[in-house]
Amino acid sequence: VRKDKDIWGGLVLTEYNNYRNWTEEEKNLLAIISNQIYIALTQAELYQKVQETAKNEKILRDIMLSFVKTLEMEDLIKNIVTQTGQLLNSDRCFFIGSDPKTSSNLPVKEYAEYLSSSDIKSHTQRAPLPSETSSFVQASKQQKVIYANVDEADLPEATRKFLADDLSVKSYLIAPVYYGDIRYGAIVLHYVKDVKNFTEEDINIILAIANQAAIVIHQAELYQSIKRQSEREKLLREITDSIRNSIVMEKTKQSI
C-alpha cells in the first residue's frame, strides 16, 4: 500500500495448507484492494487533519480573544505566556522584554513565565550571564521564528551549558514580537521533558500569536500612556484647585 513514493504498509495473504500459484486475475484483484485501502487511508488522514486544523483554529481564536480581555501590561503578558504554553504543550514559556534604549534583553519577570508543572525550574531563579545568552539576544532581534534541539543546534558552549545543565532544555523556540519596527521582545518556548519536533503548523500558530501579541502590547502601551497622562492632568488640576482655593481663602482673610 503506497502513499506517493512512500510505503504505508502491506497487504499480506498466506496459504498454509498447500502451495499456491497466484493467478493474474487474483493479483489484479489484490492490486485493486490495495488501491482501495490507500484511498481509505488517505481519506482518513485528510479527515483527521481537517479535524485537527479546525480544533487548532478554534483554540487560536479563543486565545486571540483572551489577549484583549485586559490592557494592564502584567496581566496581559501573563495571559500570553500561559495561553501559548498550554496550546503548544511547552514545559516553560516566557516573555523576554526588550530594553527600548539599548535593545538588550531584560530579565524574565515572574509574571511573564508559565511553567507546566511545579517540578519545572523557573527561569527567574537563574539570571544568565551575557555570554550565555548573547546568541539568543541576537536571534530574538531577527523577525523570524528560531527553533532547534539543543543537542543539534550550533550554539556557543556557554549557551549550550546554560540551557542543558541549568534549565534542562531539550528543545527551544524563539518567536520575536515586533510591531512594525518596534521590538517588544520575544516569546520563548522550552521543552524539558522530551525533545520537540516542531511542525509547520506549530510555526504558523506561534507566528499568529506573536503578531497578535505585538498588537495588544502596543495597545496596552498606548492605554498606559493615556492613563498616566490622565493621572498627571488630574493631579495638576487638584494642585491648581488647591492653590486657587488657598489664594481665595487668603484674600478672604485679608478683607475681614
Side-chain angles (χ1 to χ4, degrees), residues 52-100 105-127 133 136-137 139-141 143-147 167 169 171-180 182-193 196 198-199 201-228 230-231:
E52 290 175 353
T53 300
K55 179 182 177 182
N56 285 337
E57 286 180 351
K58 181 182 182 305
I59 293 172
L60 192 56
R61 284 197 301 272
D62 291 343
I63 286 178
M64 300 307 187
L65 290 174
S66 72
F67 282 0
V68 296
K69 286 182 178 179
T70 177
L71 287 176
E72 296 295 338
M73 191 64 75
E74 290 189 10
D75 293 337
L76 173 62
I77 297 298
K78 183 176 181 62
N79 196 15
I80 289 172
V81 296
T82 300
Q83 297 282 0
T84 304
Q86 291 176 349
L87 175 60
L88 293 171
N89 297 316
S90 68
D91 298 306
R92 183 188 296 115
C93 179
F94 54 94
F95 179 80
I96 298 182
S98 173
D99 187 330
N105 285 350
L106 299 169
V108 178
K109 303 292 186 181
E110 187 173 348
Y111 65 80
E113 180 182 51
Y114 160 80
L115 303 175
S116 63
S117 60
S118 58
D119 61 333
I120 304 298
K121 183 177 180 180
S122 172
H123 198 305
T124 61
Q125 296 176 10
R126 166 71 156 82
T133 57
F136 280 88
V137 174
S140 67
K141 290 181 180 180
Q143 294 194 39
K144 64 179 182 179
V145 176
I146 306 294
Y147 59 93
L167 296 178
V169 178
S171 304
Y172 64 85
L173 179 147
I174 305 171
V177 176
Y178 273 84
Y179 184 84
I182 303 172
R183 175 174 172 261
Y184 285 120
I187 300 171
V188 182
L189 300 173
H190 282 174
Y191 292 83
V192 173
K193 297 179 179 178
K196 169 71 173 178
F198 294 98
T199 65
E201 188 172 16
D202 292 332
I203 305 306
N204 290 335
I205 287 174
I206 195 65
L207 277 171
I209 289 174
N211 289 336
Q212 184 66 20
I215 293 171
V216 293
I217 288 173
H218 184 70
Q219 290 173 336
E221 275 201 341
L222 292 177
Y223 168 75
Q224 295 296 335
S225 177
I226 293 171
K227 185 178 177 181
R228 287 192 297 270
S230 177
E231 289 173 350

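Model, not experiment: these values are computed from the prediction. Counting begins at 1 with the first residue of the sequence.
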Is there a side chain to side chain contact (heavy atoms under 4.5 Å, CB included) between I215 and Q212? Walk through the geometry before answering. CA-CA 5 Å; I215 293 171; Q212 184 66 20; 4.2 Å; yes

Minimum side-chain heavy-atom gap [X]-[Y] below 4.5 Å:
X: I80; Y: V177; answer: no
X: L173; Y: I203; answer: yes
X: E221; Y: M73; answer: yes

Just verifying a value: how many Å separate [X] [atom1] and [Y] [atom2], rounded to the nearest 0.5 Å?
X: N79; Y: T84; atom1: CG; atom2: OG1; value: 8.5 Å
X: L189; Y: I206; atom1: CG; atom2: CD1; value: 5.0 Å
X: I96; Y: I187; atom1: CD1; atom2: CD1; value: 11.0 Å
X: K78; Y: K109; atom1: NZ; atom2: NZ; value: 15.0 Å

Nearest non-hydrogen partners of [X] and [Y], listed with the distance:
X: A214; Y: Y178; answer: CB-O, 3.1 Å
X: A210; Y: P176; answer: CB-O, 3.7 Å
X: Y111; Y: V81; answer: O-CG2, 4.4 Å
X: S116; Y: S90; answer: CB-O, 3.6 Å

Would L88 and Y191 satisfy side chain to side chain contact (heavy atoms under 4.5 Å, CB included), going step by step from the backbone distance to the final call? CA-CA 10 Å; L88 293 171; Y191 292 83; 3.6 Å; yes

Would the distance check show the side chain of [X] and the main-chain N or O of [Y] forming a donor-acceptor pair, the cut-off being under 3.5 Å?
X: R92; Y: K121; answer: yes
X: N211; Y: L207; answer: yes
X: D91; Y: V192; answer: yes
X: E113; Y: H123; answer: yes

Kindly assign one of parallel, tilted or perpendicular to the pair H218 and Y184, based on the angle between their ring planes and the thresholds 30° and 60°.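 Because their plane-to-plane angle lies in the 30° to 60° range, the rings of H218 and Y184 count as tilted.
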
After noting the C-alpha distance and the side-chain angles of V108 and V188, does the key distance pass the side chain to side chain contact (heavy atoms under 4.5 Å, CB included) rule? CA-CA 11 Å; V108 178; V188 182; over 6 Å; no

Report the residue from F94, Y172, Y147 that forms a ring-ring contact (aromatic ring centres under 6.0 Å, His included) with H190.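 Of F94, Y172, Y147, ring-ring contact (aromatic ring centres under 6.0 Å, His included) with H190 is met by F94 alone.
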
Going by atom types alone, do D202 and T199 pair a side-chain donor with an acceptor below 3.5 Å?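 Judged by distance alone, the side chains do pair up.
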
